[in-house]
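All remarks here apply to the structure that follows.
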Number of protein chains: 2
Amino acid sequence: MYTEDVKQLFKSNNIKNTQQRHMVYSILKSKKQPITTEEIYKIISGKLEKPINLSTVYRILEVFTEKELILKSQIHINGKALYEINHREHRHHLICIKCNKIIPIKGCPLGEYEQILEKQTGYKIIEHNLEIKGICPKCQKR
Amino acid sequence: MYTEDVKQLFKSNNIKNTQQRHMVYSILKSKKQPITTEEIYKIISGKLEKPINLSTVYRILEVFTEKELILKSQIHINGKALYEINHREHRHHLICIKCNKIIPIKGCPLGEYEQILEKQTGYKIIEHNLEIKGICPKCQKR
DNA sequence: GTAACTGCAAACCTTTTGCAGCTTG
DNA sequence: CAAGCTGCAAAAGGTTTGCAGTTAC
């Protein structure tokens, strides 16, 4: 039932290996797009397994985010925060404004821009966040 | 008391010219960085003038956003949405992660990237949102 | 066995809404 | 005067928290 590598991952991050955490992690891992706390909660509740409490999901996501196993997006969709597995590679997303479908984008167009910006502004650049909005092929046809 | 050009702006957008709207607009116009509903509310309350109700501020910001006089940011800071005057030019911001100071950036590094992306993904690109995080010169010295 | 986690219920915080009374054009 | 705002209070929706009981190590 427990996947050995997830167990290891938790161990190396000093995260106690509970069923709930395992379930939440597996769901996040299986998703290619960021999802909300509520979605995770519903997926687990939908399965006939042991149910989970919504506040537990919130707490688990907090722990995962702290340990940087996952990323919490700054962008809120309909007032809800989004979470996704931390692929530990720089990534951006393309969101469909019609159906909210989100796909990851290959590569980052920012390049050396951050260094130029540091010189221009005096700020020490830490990171950036780029979200692109558009209409996906399906929604364009409608 | 009323600024004539704001009055005109409201008129041409079919927005009734009330004291409250005028106050909210003036505050937004005077700010170089995006601010929250609460901040606007506090600024008005702090003045000895006629106070305003928080829900009125929300409603005014909604109207202004609809009419595109202002922009509502997708990024939430501490769970709060941010608003800024619509300069009707493409703009990005640089946020200090220590003090939350926000400055606008000159120019956009995205260039023709959107067209490349359209070909790559099949999405019709509508807009993008870029937020860069760093540490401002003041906070670096501390 | 003990420290840490979960479930539950209540609280919290931002934002929205219904309604009565007031303002603007 | 009529349409549309505002204030107030209450509700809604997402997220957090205190506490008692349970689980992992």
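The analysis underlying the following values was restricted to heavy atoms, covering all of them including side chains, and did not include hydrogens, waters or symmetry mates. By convention in this document, chain letters (A, B, ...) are assigned in the order of the sequence lines, proteins followed by strands, and residues within each chain are numbered from 1.
In this structure, the NE2 atom of B:His22 is 16 Å from the P atom of D:dC5, given to the nearest Å. The interatomic distance linking B:Ile77 (CD1) with C:dC13 (C1') rounds to 17 Å, in whole Å. Between the CD atom of A:Glu38 and the P atom of D:dT15 there is a distance of 9 Å, given to the nearest Å. In this structure, A:Lys50 atom NZ and D:dT22 atom P are separated by 11 Å, rounded to whole Å. Atom CE in A:Met23 sits about 11 Å away from atom C1' in C:dT6, given to the nearest Å. Straight-line distance from the CG atom of B:Asn17 to the P atom of D:dT6: 11 Å, rounded to whole Å. With rounding to whole Å, A:Tyr41 atom OH is found 15 Å from C:dT6 atom P. Summarising the geometry, the separation between CG on B:Leu54 and P on C:dT16 is reported as 11 Å, rounded to the nearest angstrom.
The side chain of B:Ser55 lies closest to D:dC8, out of D:dT6, C:dC5, D:dC8. Closest to the side chain of A:Ile52, from the set C:dG7, C:dT15, C:dT24, is C:dG7. The side chain of B:Lys80 lies closest to C:dT14, out of D:dC8, C:dA4, C:dT14. Of the candidate nucleotides C:dT15, D:dT15, D:dC5, C:dT15 has the atom lying nearest to any side-chain atom of B:Thr37. The side chain of A:Gln20 approaches C:dG7 more closely than any other nucleotide in the set D:dC25, C:dG7, D:dT15.
The residue among B:Ala81 and B:Ile15 whose nearest nucleotide of DNA chain C is located toward the 5' end is B:Ala81.
Comparing the helix axis at one end of the helix from C:dG1-D:dC25 to C:dG25-D:dC1 with that at the other, each defined from 5 consecutive pairs, gives an inter-axis angle of 40° (nearest 10°).
For A:Ser55 and A:Asn53, the side-chain atoms include at least one donor-acceptor pair closer than 3.5 Å. Inspection of the A:Glu62 and A:Thr65 side chains reveals no N or O donor paired with an N or O acceptor under 3.5 Å.
With sequence neighbours excluded, the residues satisfying ring pair (Phe, Tyr, Trp, His ring centres under 6.0 Å) with A:Tyr25 are A:Phe10, A:Phe64. A search for ring pair (Phe, Tyr, Trp, His ring centres under 6.0 Å) contacts involving B:His93 returns nothing, not counting sequence neighbours. In this structure A:Asn13 satisfies the side chain to side chain contact (heavy atoms under 4.5 Å, CB included) test together with A:Leu9, A:Ile15, A:Lys67, A:Leu69, sequence neighbours excluded. For the ring pair (Phe, Tyr, Trp, His ring centres under 6.0 Å) test, residues two or more places apart in sequence or in another chain that qualify with B:His90 are B:His92, B:His128.
Of the side-chain N and O atoms in B:Thr18, one or more sit less than 4.0 angstrom from OP1 or OP2 of D:dT6. Side-chain N/O atoms of A:Asn53 include none lying less than 4.0 angstrom from OP1 or OP2 on C:dT6.
Interface residues of residues 56-69 of chain A facing DNA chain D, ordered by number: A:Tyr58, A:Arg59; criterion, heavy-atom separation under 4.0 Å.
Sparse packing is recorded around CD of B:Gln115, with 12 or fewer heavy atoms of other residues, nucleotides or ligands lying under 6.0 Å away. No more than 12 heavy atoms of other residues, nucleotides or ligands shown are found within 6.0 angstrom of CD on B:Glu68.
When heavy atoms are screened at a 4.0 angstrom cut-off, B:Thr36 is found touching no nucleic acid atom at all.
Here the straight-line distance linking atom CD1 of A:Ile135 with atom NZ of A:Lys98 works out to 5.0 Å at 0.5 Å rounding. One finds the CG atom of A:Leu82 at 11.0 Å from the CD1 atom of A:Ile70 (value rounded to the nearest 0.5 Å).
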